[in-house]
Structure formats: C-alpha cells, structure tokens
Visitor: 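The following block contains the structure, expressed as structure tokens.
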Amino acid sequence: MILFTRQQELKNGLTMKFTIVEEYCKGCGYCITICPKNVLKESSHLNSKGYVIPEILNKEECINCKKCELICPEMAITIQKEEIEA
Amino acid sequence: MIKIANSTKDLREKYLRKDLLPTIFCPGCGNGQVLNYVIRAIDALNISQDNLVFVSGIGCSSRLPAYLEAYGVHTTHGRAIAYATGIKLTNPELTVIVFTGDGDISAIGLNHFLQAIRRNISITVICINNENYGMTGGQVSPTTPMGHFSTTTPYQNIEHSFNLSFLAKAAGASYVARWTTAHSLQAIKSIKKGLQKQGLAFIEMLSPCPVSKKTFKNTTEYLQYYLNESISYSPNQNNNTSAHVFKDLHECFTAQYEGKIIVGEIIDKEKPNYHQLYEDLRVRARNEFRKNK
C-alpha cells in the first residue's frame with residue numbers, strides 16, 4: 001500500500017468531491033465551524049425551506065479529515081476523492 | 001484511529017428511512033448527531049439490522065427510532081429501560097439500544113435506570129442530555145446545572161444537579177462514558193465499546209438545545225463551548241503533560257464548578273451479566289431437581 005501526502009495527491013490530480021443534499025441541510029453551521037482548513041463558508045443561497053446552506057470555498061485545501069461529515073446532524077455532507085479530468 | 005468504511009451517502013441510504021428525512025429536530029440539535037454516531041458504530045461492528053431493536057421513551061431524543069431502518073419501540077414516559085429489559089430477556093440474541101433523554105432517565109425513570117444497572121442487563125443506554133425538557137418548552141430538569149436559567153426558573157436554578165455518568169458509576173454499571181456531541185470520534189468509539197460490552201453500557205451525550213436552553217443563542221457557540229471547555233477524566237492514563245486530562249476526581253469536580261465539562265470514559269470493567277447468571281441458575285436448578293428425584 002502506498003500512502004500519498006496531500007500535496008502529492010494534488011499533483012497527481014486528485015481532489016475532493018463534495019456532495020451536500022440541500023433539502024436536508026438546516027443551516028446550523030457546525031460544518032463551517034469545525035473545518036480546520038476553512039473550506040466551507042456560509043453562502044447567500046437559501047434552500048426550499050429557507051435555511052442558509054454552506055458553499056465550498058476552496059476545494060484544494062481540503063485534507064479529507066471528514067470532520068464535517070461526522071458532525072453533520074442530518075448526514076447531508078459526503079466527501080469522496082475524485083480525479084480531475086485532464 | 002477509526003476507519004470510516006462506507007461513505008455517508010451509503011450509510012444514509014442503508015440505515016435511515018428516506019420518506020421521513022429531513023428529521024424533525026431544530027437546526028443545531030444534537031439528536032441528529034447522536035443518530036449519525038450510532039449509525040457509524042453499528043456499521044463498523046456489522047450488526048445485522050434484523051437483530052437490532054431501538055427502544056425509546058418520551059421526548060425529543062425518543063423520536064430517533066422512527067428514523068432508523070430497524071425494529072423500534074416508542075414507549076411510555078421514563079419506562080424505556082423497563083421495556084428494553086423485557087425485550088432483552090425474551091430474546092438475548094437481540095442487540096437492544098435505548099435512546100433516552102435526561103428528563104426521561106433522570107426524573108421519571110430514574111428508578112428503572114438504577115434497577116437495570118443493578119441487575120446488569122446487557123443493553124446499551126444512550127442518554128442525550130440537553131439539560132432541560134426541550135420538547136415542552138425548556139422547563140428545568142434534574143440535570144440543569146445550578147445557576148442556569150430556564151422557563152420555570154427565570155431567576156436562576158437553585159437546585160443541585162445530577163451528573164448521570166457518576167450516578168451510573170456509583171450504582172455499578174460495567175461501562176460508562178460521557179461525551180459531548182462535538183466529540184465525534186470518541187463518541188463512536190465509546191458506542192462501539194458499549195455495544196460489545198456484556199453488561200449495561202451507559203453513554204451520556206451532552207447535547208446543545210439552541211431553542212430552549214438559555215445558555216447561548218447561536219448554534220456554533222455551543223460547538224465552540226464544548227470543544228474548548230471540556231476536560232477529560234481518565235483514571236488509567238499515564239499522561240501528565242496535557243492540561244486537559246485529569247486523573248483525580250476531586251480535581252475534576254473542582255473544575256466542573258468553575259464551568260468546565262467533564263468528559264471521558266468514566267469506567268470500564270467486567271462484571272457477570274444477568275443472562276449469564278440466569279443461564280447458570282437454570283442449569284444448576286435442573287441438575288439439583290434431577291438429583292432429588
């Protein structure tokens with residue numbers, strides 16, 4: 001098994017794919033507070049129930065710690081590795 | 001380090017009832033987070049959904065079994081542990097998890113809780129402690145800290161509060177852990193340990209209540225408070241370097257009076273459970289009966 005550092009992964013063209021289910025989000029802001037790299041940010045976009053949903057600010061900074069996935073009360077965030085299409 | 005096996009999307013589709021999502025809880029409520037942790041713990045242990053029973057009483061936290069794709073019993077106020085005892089004794093093969101709130105377990109159902117600990121029935125009790133009666137509008141509960149405001153104590157609470165984890169320890173529980181909803185990985189680890197435990201495992205989850213609890217107004221303030229103000233009690237750890245780890249209970253309680261939150265694995269011990277003892281009794285009684293015949 002070969003372990004890559006985040007820098008090497010970025011060089012190899014790996015980035016994180018964020019999936020936020022907008023309808024489940026209640027805008028509590030836990031994911032924004034817990035993120036150690038400030039990847040997530042409060043957006044100006046509202047979902048159908050009127051909650052402010054987070055937006056992804058800088059995808060490349062994400063270190064895949066999955067803290068936002070763990071803290072989300074609605075299990076609305078999913079992070080997966082994806083390859084950038086060259 | 002806990003390995004996160006499946007993606008959140010897979011877990012959500014496997015364990016949650018899609019027709020009821022999103023959950024009914026207020027924005028920032030800790031119940032959803034506890035549900036998240038429990039699902040991850042169950043998934044890591046590969047427990048079959050056919051052998052899972054969730055039992056709950058009355059309260060916000062007691063709505064959780066409704067969202068899970070497993071057997072669920074929504075019972076009367078405070079009697080969740082009594083029902084769980086019955087289910088476990090009827091079929092010891094089942095994994096029984098009790099979701100309960102602090103008003104449920106520490107006020108009306110305290111006796112059932114203590115008796116279940118005394119008998120050491122192997123069920124996992126997860127208490128989501130938001131320090132008030134959140135569903136009915138934020139009345140004072142036995143776990144509301146002294147000096148806090150609530151709907152029924154507008155001039156501060158003058159009663160001393162229960163610390164449920166230490167109450168369970170004193171009663172003789174075989175596994176007790178106390179975490180806040182901000183401690184995700186620790187909580188998952190404790191729930192996993194509790195599910196594997198042969199005996200009563202009690203996990204207390206301190207939870208925010210952004211609507212009814214008068215401590216903070218913002219949801220993120222609760223998260224910051226839990227992350228910054230919690231101190232760990234670990235009697236077995238030989239780490240003297242960290243300022244957040246206390247080995248001595250006296251130090252812990254002194255810190256608690258200064259506004260800190262005690263978290264950690266309070267106790268982890270082996271103790272014969274009711275089912276083992278009952279099985280032994282059954283064999284012994286049958287042998288003696290045959291001898292006398």
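The sequence lines fix the lettering, A, B, ..., with proteins before strands; numbering per chain opens at 1.
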Visitor: For the atom pair OG (S7(B)) and CD1 (I79(A)), what is the distance rounded to the nearest 0.5 Å?
Guide: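 Result: 11.0 Å between the selected atoms.
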Visitor: Roughly how far, to the nearest 0.5 Å, is the CE atom of M75(A) from the OH atom of Y67(B)?
Guide: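 It comes to 14.5 Å.
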Visitor: Quick check on side-chain contact (heavy atoms from CB on, under 4.5 Å): which of N218(B), L227(B), T220(B), T219(B) does T33(A) satisfy it with?
Guide: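 In the set N218(B), L227(B), T220(B), T219(B), the residue that makes a side-chain contact (heavy atoms from CB on, under 4.5 Å) with T33(A) is T220(B).
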Visitor: Applying salt bridge (charged side-chain N to carboxylate O under 4.0 Å, His left out), can you list everything that pairs with E55(A), at least two apart in sequence or on another chain?
Guide: K41(A)
Visitor: Among all residues two or more places apart in sequence or in another chain, which pass the salt bridge (charged side-chain N to carboxylate O under 4.0 Å, His left out) test with E229(B)?
Guide: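 E229(B) satisfies salt bridge (charged side-chain N to carboxylate O under 4.0 Å, His left out) with K260(B) once adjacent residues are dropped.
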Visitor: Do N36(B) and E69(A) have side chains that approach each other closer than 4.5 Å (heavy atoms only, starting at C-beta)?
Guide: no
Visitor: With a cut-off of 6.0 Å (strictly less than), are more than 12 heavy atoms of other residues, nucleotides or ligands near OH of Y71(B)?
Guide: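 No, not enclosed.
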Visitor: Around atom NZ of K197(B), are there more than 12 heavy atoms of other residues, nucleotides or ligands at under 6.0 Å?
Guide: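 More than 12 heavy atoms, drawn from other residues, nucleotides or ligands, come within 6.0 Å of this atom.
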Visitor: If I measure from the heavy atoms of chain B, does K49(A) come under 4.5 Å with its side chain, its backbone, both, or neither?
Guide: side chain
Visitor: Looking at E42(A), I'd like to know if its CD atom is crowded, meaning that more than 12 non-hydrogen atoms belonging to other residues, nucleotides or ligands lie closer than 6.0 Å.
Guide: no
Visitor: Just wondering, are more than 12 heavy atoms of other shown residues or ligands nearer than 6.0 Å to CZ in R63(B)?
Guide: no
Visitor: Quick one: of A76(A), C25(A), P73(A), who has the most non-hydrogen atom pairs under 4.5 Å with chain B?
Guide: P73(A)
Visitor: When rounded to the nearest 0.5 angstrom, what is the spacing between OH in Y24(A) and NZ in K18(B)?
Guide: 5.5 Å
Visitor: Taking the side chain as C-beta and beyond, is there a heavy-atom pair between C72(A) and Q33(B) under 4.5 Å?
Guide: no
Visitor: Calculate, to the nearest 0.5 Å, the distance between atoms OG1 and NZ belonging to T23(B) and K26(A) respectively.
Guide: 3.0 Å
Visitor: Please report the interatomic distance NZ(K9(B)) to CD(Q80(A)), rounded to the nearest 0.5 Å.
Guide: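 Output value for this atom pair is 7.5 Å.
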Visitor: Heavy-atom distance under 4.5 Å between the side chains of F25(B) and C28(A), does that happen here?
Guide: no
Visitor: Under a 4.5 Å cut-off applied to non-hydrogen side-chain atoms, are L223(B) and I71(A) in contact?
Guide: yes
Visitor: Heavy-atom pairs under 4.5 Å with chain A: which of P27(B), A182(B), C26(B), A187(B) has the most?
Guide: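 Winner by heavy-atom pair count: P27(B).
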Visitor: Mind checking whether L185(B) and L70(A) have side chains closer than 4.5 Å, heavy atoms only?
Guide: yes
Visitor: So for L21(B), is it side chain, backbone, both, or neither that comes closer than 4.5 Å to the heavy atoms of chain A?
Guide: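 When you check distances to chain A, atoms from both the backbone and side chain of L21(B) fall under 4.5 Å.
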